[in-house]
Amino acid sequence: MMKTFSASCHCQAVKIEFDATLPLVVDDCNCSICLKTGNLYVILPKSQFRLLTDEQHLSVYRFNTGVAQHTFCKHCGVKPFYTPRSNPDGISVNARCIDGELPEMNIVPFDGQNWEQHAHTLAHKSKD
């Protein structure tokens, strides 16, 4: 059964909603940026994601190939979501930004340090 979740950055300037089933399947990536920020990601089709605040509060960081769009709050620096390189047709929500008590999650390690060899295992997650 699909459930709607609310999430936000630390200062609440960026608010989002997304639809997903429980338990949430969450990727724990060890790539260079995920390892340093400690984010846990739920990759979704864009149709299951809603940005509730104005884009003026967002800043985007790109590196390497420039495909991934790491979206941060301009005010507090938290990254509640981003467009992943593995799923440029989808959105990846940071499960740690879910408001209130965290739901039941199935945390799956993802070897992002060897991204080229493993990215194909994520491709299905952004399909409706």
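We're numbering straight along the sequence, starting at 1.
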Looking only at heavy atoms, what is the nearest atom pair of [X] and [Y], with distance?
X      : Y      : answer
Pro88  : Lys46  : O-NZ, 3.8 Å
Ala123 : Asn87  : O-ND2, 3.3 Å
His118 : Phe110 : O-CE1, 3.4 Å
Cys73  : Cys11  : SG-SG, 3.7 Å
Thr71  : Val60  : OG1-CG2, 4.3 Å
Gln48  : Asp19  : NE2-O, 2.6 Å

Would you mind reporting whether [Y] and [X] have side-chain heavy atoms less than 4.5 Å apart?
X      : Y     : result
Ile91  : Thr83 : yes
Cys34  : Tyr41 : yes
Leu51  : Phe81 : yes
Met105 : Asp28 : no

Quick one: [atom1] on [X] to [atom2] on [Y], what's the gap to the nearest 0.5 Å?
X      : Y     : atom1 : atom2 : result
Ile98  : Glu17 : CD1   : CD    : 12.5 Å
Asp99  : Ser8  : CG    : OG    : 3.5 Å
Phe18  : Phe49 : CZ    : CZ    : 9.5 Å
Lys79  : Asn39 : NZ    : CG    : 5.0 Å
Ile16  : Leu52 : CD1   : CG    : 8.0 Å
Leu102 : Arg96 : CG    : CZ    : 8.0 Å

Should we count CD of Glu55 as having more than 12 external heavy atoms under 6.0 Å? no

Tell me whether Lys15 at atom NZ has more than 12 heavy atoms from other residues, nucleotides or ligands lying less than 6.0 Å away. no

State, without any angle test, whether Asp89 and Ser126 hold a side-chain donor-acceptor pair at a distance under 3.5 Å. yes

Hey, any chance [X] and [Y] share a hydrophobic cluster, counting ILVMFWY side chains that come within less than 4.5 Å of each other, even indirectly?
X     : Y      : value
Val26 : Leu22  : yes
Tyr82 : Val42  : no
Val25 : Ile107 : no
Phe5  : Leu44  : yes

Take Cys97 and Val14 through the side chain to side chain contact (heavy atoms under 4.5 Å, CB included) test and state the conclusion after the steps. CA-CA 10 Å; Cys97 289; Val14 178; over 6 Å; no

Among Gln12, His75, Lys74, the one residue meeting side-chain hydrogen bond (donor to acceptor under 3.5 Å, both in side chains) with His57: His75

Show your reasoning for whether side chain to side chain contact (heavy atoms under 4.5 Å, CB included) applies to Cys29 and Trp115. CA-CA 10 Å; Cys29 180; Trp115 191 91; 5.7 Å; no

Phe63 vs Tyr61 aromatic rings, parallel, tilted or perpendicular, using cut-offs 30° and 60°? parallel

